[in-house]
J.: 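Input: one structure, supplied below.
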Amino acid sequence: MDLVLNVADHYVLTPYVYPVSWSEDGALRQILSLLVLTNMGATVLYLSLASFSYFFIFDHRLKKHPHFLQNQVQREIRYALTSLPWISIPTVALFFAEVRGYSKLYDSIEEYPLGWPGIFISMISFLFFTDMCIYWIHRFLHHKLIYKLFHKPHHIWKIPTPFASHAFHPVDGFLQGLPYHIYPFLFPLHKVLYLALYVFVNIWTISIHDGNYRVPAALTSVINGAAHHTDHHLFFEYNYGQYFTLWDRLGGSYRHPSALMGKGPQNQISEGSICKEK
């Protein structure tokens, strides 16, 4: 995150926002800057990517489904934009620790013994580490003592649109985002790759809510896509994974997507039937 902060300091914050007496290395200034940049970045990514997905990928026939709520899109957006500022507060604390040098993030390929192969290894390990952590956090959030407090609001959207991707209770949103932020405190990661993965994570989160249930046959049993995740929204206790089906299979919570068996939401619309409720 210090790369973003340095660019903002150089081009905007130092010449136009902060007084000369405020050092760029000052803790208070860095925290305030990170709060603004995190909120702006998260909001812009969410609205731009979700809007693109909604208008160009999302199957608008799904809005005719009996579980699609009145004014759902507006409600999803409003809930997400209300939650994001609260999620940003503990997130900024982690970003601040990164900026102050407490993480294992590095600037140059030469700084890492594995060099360029290390970039590829980092990408793979990031995906598998975060997928594993999110599976167990997500499953924990479905525990009967926790679910109603934090995770239930996200399950209001039984037929989600891309705008539901970030429509979480703040505690839920932070907990499911935590693995992305703790990874660079545990493992070496290039700073540019970290930013790229942050964008990728947002794209993926939107993609599994985009209503596009087409999955290449060879990847159906491996990749957790929108078809898998929609069944999670509909049937509650299946397909907790983020990217892969590995942990759902190991944890006994895998469900083959209804949409890929001709029993998905679009089929129910055409047949006039209603999905099973949990």
Side-chain angles (χ1 to χ4, degrees), residues 1-53 77 80-81 83-116 118-127 129-130 162 165-166 170 173-174 176-207:
M1 193 48 133
D2 61 335
L3 296 178
V4 176
L5 185 58
N6 289 340
V7 171
D9 278 334
H10 182 77
Y11 291 103
V12 180
L13 300 178
T14 295
Y16 302 115
V17 177
Y18 292 111
V20 178
S21 58
W22 285 41
S23 168
E24 291 185 1
D25 295 327
L28 178 60
R29 170 172 166 163
Q30 288 181 334
I31 292 171
L32 292 175
S33 299
L34 287 170
L35 274 170
V36 172
L37 293 172
T38 300
N39 277 281
M40 287 182 59
T43 301
V44 169
L45 274 175
Y46 166 63
L47 290 177
S48 59
L49 294 173
S51 295
F52 178 87
S53 180
I77 294 172
L81 294 181
S83 295
L84 284 174
W86 293 104
I87 295 172
S88 74
I89 295 173
T91 302
V92 163
L94 293 168
F95 284 154
F96 179 66
E98 292 171 9
V99 169
R100 303 299 276 193
Y102 293 103
S103 72
K104 296 180 182 293
L105 291 167
Y106 59 91
D107 292 281
S108 173
I109 300 294
E110 288 71 28
E111 294 179 35
Y112 190 45
L114 297 180
W116 283 102
I119 297 293
F120 178 75
I121 293 171
S122 294
M123 290 172 58
I124 300 302
S125 64
F126 177 91
L127 293 177
F129 173 82
T130 55
S165 59
H166 291 62
F174 174 70
Q176 293 207 56
L178 186 59
Y180 308 128
H181 303 301
I182 65 172
Y183 180 91
F185 288 94
L186 300 175
F187 308 101
L189 186 64
H190 195 283
K191 292 179 179 179
V192 175
L193 178 59
Y194 184 41
L195 290 176
L197 289 169
Y198 180 79
V199 174
F200 168 78
V201 163
N202 279 272
I203 293 172
W204 187 270
T205 302
I206 288 168
S207 76

J.: Are side-chain heavy atoms of V4 and L34 found at a separation under 4.5 Å?
T.: no
J.: Between OH of Y198 and CD1 of I203, what distance do you get to the nearest 0.5 Å?
T.: 12.0 Å
J.: Can you list every ring-ring contact (aromatic ring centres under 6.0 Å, His included) pair that touches residues 87-112, not counting sequence neighbours?
T.: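 Sorted pair list: F95-H181, Y106-Y112, Y106-H190.
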J.: Between the side chain of S53 and the main-chain N/O of L49, is any donor-acceptor distance below 3.5 Å?
T.: no
J.: Look up atom OH in Y11 and atom OH in Y16, then write down how far apart they are to the nearest 0.5 Å.
T.: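 Output value for this atom pair is 11.5 Å.
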J.: Check the side chains of Y18 and S33 for a donor-acceptor pair under 3.5 angstrom, ignoring hydrogens and angles.
T.: yes
J.: So which pairs with a foot in residues 17-43 pass salt bridge (charged side-chain N to carboxylate O under 4.0 Å, His left out), sequence neighbours left out?
T.: D9-R29
J.: Just do the side-chain contact (heavy atoms from CB on, under 4.5 Å) check on Y180 and F126 with the steps written out, would you?
T.: CA-CA 8 Å; Y180 308 128; F126 177 91; 3.7 Å; yes
J.: What's the separation between atom OG in S165 and atom CG in N202, rounded to the nearest 0.5 Å?
T.: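 Between S165 OG and N202 CG, I get 8.0 Å after rounding to 0.5 Å.
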J.: Show every donor-acceptor pair shorter than 3.5 Å between a side-chain atom in residues 83-92 and any protein atom, with sequence neighbours excluded, or say none if there are none.
T.:
{"unit_1": "S83", "atom_1": "OG", "unit_2": "Y79", "atom_2": "O", "d": "3.1"}
{"unit_1": "S83", "atom_1": "OG", "unit_2": "F168", "atom_2": "O", "d": "2.6"}
{"unit_1": "S88", "atom_1": "OG", "unit_2": "N39", "atom_2": "ND2", "d": "3.0"}
{"unit_1": "S88", "atom_1": "OG", "unit_2": "P85", "atom_2": "O", "d": "2.6"}
{"unit_1": "T91", "atom_1": "OG1", "unit_2": "I87", "atom_2": "O", "d": "2.8"}

J.: Hey, could you give me the NZ/CG distance between K191 and D2, rounded to the nearest 0.5 Å?
T.: 3.5 Å
J.: Within the distance-only criterion (no hydrogens, no angle test), does the side chain of T130 pair as donor or acceptor with the backbone N or O of L127 below 3.5 angstrom?
T.: yes
J.: Is it the case that the side chain of S122 and the backbone of G118 share a donor-acceptor pair, with hydrogens and angles ignored and the cut-off at 3.5 Å?
T.: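 Checked: pair present.
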J.: So, for I109 and W116, which heavy atoms are closest and what is the spacing to 0.1 Å?
T.: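 Shortest heavy-atom contact: CG2-N, 3.7 Å.
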J.: Apply side-chain contact (heavy atoms from CB on, under 4.5 Å) to residues M1 and L105 and explain how you reach the verdict.
T.: CA-CA 10 Å; M1 193 48 133; L105 291 167; over 6 Å; no
J.: Please determine whether the number of non-hydrogen atoms from other residues, nucleotides or ligands lying under 6.0 Å from atom CZ of F185 exceeds 12.
T.: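 Result for CZ/F185: enclosed.
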J.: Classify the ring geometry between H166 and Y46 as parallel (under 30°), tilted (30 to 60°) or perpendicular (over 60°).
T.: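 Tilted.
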J.: For P162 and I206, work out which heavy atoms get closest and say how close.
T.: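 Smallest interatomic distance, heavy atoms only, reads CB-CG2, 3.8 Å.
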J.: What is the distance from atom OG of S125 to atom CG of L186, rounded to the nearest 0.5 Å?
T.: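 Spacing of OG (S125) from CG (L186) equals 10.5 Å.
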J.: Once you round to the nearest 0.5 Å, how far does CG of L94 lie from CD1 of I182?
T.: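 If I round to the nearest 0.5 Å, the distance is 9.0 Å.
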